[in-house]
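Structure first, then comments.
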Amino acid sequence: MGAQDDLVTAARSLRDQGLTAYSLNDLVSTARRYGSTYPDPVLRKTILAMVASPDDAQQNRDVFVEVRKGWYRLRR
């Protein structure tokens, strides 16, 4: 599993718990609880790389949307 997979798993878990938006810390700590072994800086950089551009609504992969400064939700 890659860092992206770890983060998507974490985001889906948070979403299943009823959260609609999550911070970088929420995602990283949840990925840790699910066994991610990637260093925190790698996970943080991966989250930022997965943030969708507002112009790119046609992506067919799991991406994060920034709902407010520093808070994200999973688009798919």
Side-chain angles (χ1 to χ4, degrees):
M1 238 165 95
Q4 289 183 348
D5 296 325
D6 290 353
L7 292 165
V8 168
T9 298
R12 287 182 178 155
S13 171
L14 292 168
R15 183 179 61 195
D16 291 347
Q17 294 173 34
L19 298 174
T20 57
Y22 4 91
S23 69
L24 286 171
N25 288 337
D26 293 336
L27 289 164
V28 170
S29 65
T30 303
R32 280 277 165 262
R33 281 196 305 272
Y34 278 87
S36 180
T37 58
Y38 290 95
D40 287 2
V42 170
L43 291 172
R44 291 175 185 279
K45 186 183 279 189
T46 302
I47 293 167
L48 298 178
M50 293 175 69
V51 173
S53 156
D55 303 331
D56 199 4
Q58 298 301 319
Q59 290 181 346
N60 289 330
R61 60 184 175 89
D62 292 306
V63 292
F64 291 101
V65 176
E66 189 169 28
V67 294
R68 64 183 183 271
K69 182 75 174 157
W71 289 83
Y72 305 90
R73 70 173 173 80
L74 193 60
R75 186 166 68 194
R76 279 187 23 175

Scan side-chain atoms only and decide if Arg12 and Thr9 contain a donor-acceptor pair under the 3.5 Å cut-off.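 Looking only at side-chain atoms, Thr9 and Arg12 do not form any donor-acceptor pair under 3.5 Å.
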
Might you point out which heavy atoms bring [X] and [Y] nearest each other, and give the distance in Å?
{"X": "Met50", "Y": "Val63", "result": "O-CB, 3.3 Å"}
{"X": "Ala10", "Y": "Leu27", "result": "CB-O, 3.7 Å"}
{"X": "Leu43", "Y": "Ala31", "result": "CD1-CB, 4.4 Å"}

Test Tyr72 against every option in Val51, Asp26, Leu14 by the side-chain contact (heavy atoms from CB on, under 4.5 Å) rule and name the one that passes.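 The side-chain contact (heavy atoms from CB on, under 4.5 Å) with Tyr72 is passed solely by Val51 among Val51, Asp26, Leu14.
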
Checking side chain to side chain contact (heavy atoms under 4.5 Å, CB included) for the pair Thr20/Arg73: CA distance, chi angles, key distance, verdict? CA-CA 6 Å; Thr20 57; Arg73 70 173 173 80; over 6 Å; no

Between Lys45 and Val42, is the side chain to side chain contact (heavy atoms under 4.5 Å, CB included) condition met? List the steps. CA-CA 5 Å; Lys45 186 183 279 189; Val42 170; 5.9 Å; no

Asp6 bridged to Arg32 by N-O distance under 4.0 Å: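 Salt bridge flag = no for Arg32 with Asp6.
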
Atom [atom1] of [X] and atom [atom2] of [Y]: how far apart are they, to the nearest 0.5 Å?
{"X": "Ser23", "Y": "Arg68", "atom1": "OG", "atom2": "CZ", "result": "9.5 Å"}
{"X": "Ser13", "Y": "Leu19", "atom1": "OG", "atom2": "CG", "result": "9.0 Å"}
{"X": "Tyr38", "Y": "Leu7", "atom1": "OH", "atom2": "CG", "result": "10.0 Å"}

Is Trp71 linked to Phe64 within one hydrophobic cluster, defined over Ile, Leu, Val, Met, Phe, Trp and Tyr using a side-chain heavy-atom separation of less than 4.5 Å? no

Could you see if Tyr34 belongs to whatever hydrophobic cluster contains Tyr22? Use Ile, Leu, Val, Met, Phe, Trp, Tyr and a side-chain cutoff under 4.5 Å. no

Donor-acceptor under 3.5 Å (Glu66 side chain, Gly70 main chain): yes

Please tell me if the side chains of Val28 and Arg44 come closer than 4.5 Å, counting only heavy atoms from C-beta onward.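 Yes. Closest side-chain heavy atoms under 4.5 Å.
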
